[in-house]
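From a predicted model like this one, the values you see are computed outputs, not experimental measurements.
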Amino acid sequence: KRIFAMKIKLCMIYREVLAKRLERKRKQLVELERQINSEGVSSSVDKRKYIELKAIVNELENCLDMADSMFKFSKEEKGE
């Protein structure tokens with residue numbers, strides 16, 4: 001039981017860290033979109049940053065989904 005509780009806690013911490021990082025990256029992406037849209041013409045650096053940020057947001061969303069699945073699996077495992 002103690003190991004299970006530690007596993008659950010680790011999953012929860014991992015998920016929380018991912019969620020916070022995802023929130024920060026989404027804010028950065030929104031700010032960059034606003035900047036690009038207000039300037040009218042975006043530089044190649046802005047476009048590269050946008051593509052990189054979009055990829056990071058997508059990857060963090062995938063990791064967050066995996067963390068949720070790990071947490072769900074751990075809960076189901078305890079129920080058995």
Side-chain angles (χ1 to χ4, degrees):
K1 281 190 172 189
R2 192 174 210 180
I3 292 173
F4 176 76
M6 287 173 48
K7 228 164 108 174
I8 292 291
K9 188 171 185 173
L10 286 174
C11 286
M12 289 169 55
I13 291 169
Y14 179 66
R15 190 197 182 290
E16 186 177 326
V17 168
L18 288 173
K20 286 179 181 178
R21 184 148 192 253
L22 178 59
E23 182 181 336
R24 285 193 309 269
K25 293 298 177 182
R26 280 183 176 155
K27 285 180 183 176
Q28 289 176 2
L29 188 61
V30 167
E31 288 173 20
L32 185 58
E33 285 175 338
R34 194 175 300 135
Q35 177 186 338
I36 289 172
N37 290 336
S38 69
E39 291 176 357
V41 177
S42 56
S43 70
S44 59
V45 173
D46 288 339
K47 289 178 184 176
R48 183 180 51 88
K49 283 182 187 176
Y50 178 82
I51 291 168
E52 289 174 357
L53 270 174
K54 190 72 173 164
I56 290 169
V57 166
N58 288 338
E59 187 62 28
L60 285 170
E61 287 172 345
N62 290 338
C63 291
L64 198 55
D65 288 342
M66 284 192 320
D68 286 340
S69 295
M70 288 168 52
F71 186 66
K72 182 181 175 188
F73 178 75
S74 293
K75 282 178 124 178
E76 289 173 358
E77 198 176 59
K78 183 183 180 193
E80 291 179 346

What is the distance from atom CG of Leu18 to atom CD1 of Ile13, rounded to the nearest 0.5 Å? 12.0 Å

To the nearest 0.5 Å, how far apart are CG in Asn58 and CG in Leu22? 9.5 Å

Could you list the residues that satisfy side chain to side chain donor-acceptor pair (under 3.5 Å) with Glu52, not counting sequence neighbours? Arg48

In this structure, NZ of Lys25 is separated from CG of Leu60 (nearest 0.5 Å) by 8.0 Å

Which atom names give the shortest non-hydrogen contact between Leu64 and Ala19, and what distance separates them? CD1-N, 3.9 Å

Residues at least two apart in sequence or cross-chain that pass salt bridge (charged side-chain N to carboxylate O under 4.0 Å, His left out) with Arg26, listed by chain then number, are Glu61

Any side-chain hydrogen bond (donor to acceptor under 3.5 Å, both in side chains) pairs touching residues 9-19, not counting sequence neighbours? Arg15-Asp68, Glu16-Lys20

Over all atoms of both residues, closest heavy-atom pair of Leu29 and Leu53: CD1-CB, 3.7 Å

Which distance, rounded to the nearest 0.5 Å, do you find between the CD1 of Ile36 and the NZ of Lys49? 9.5 Å

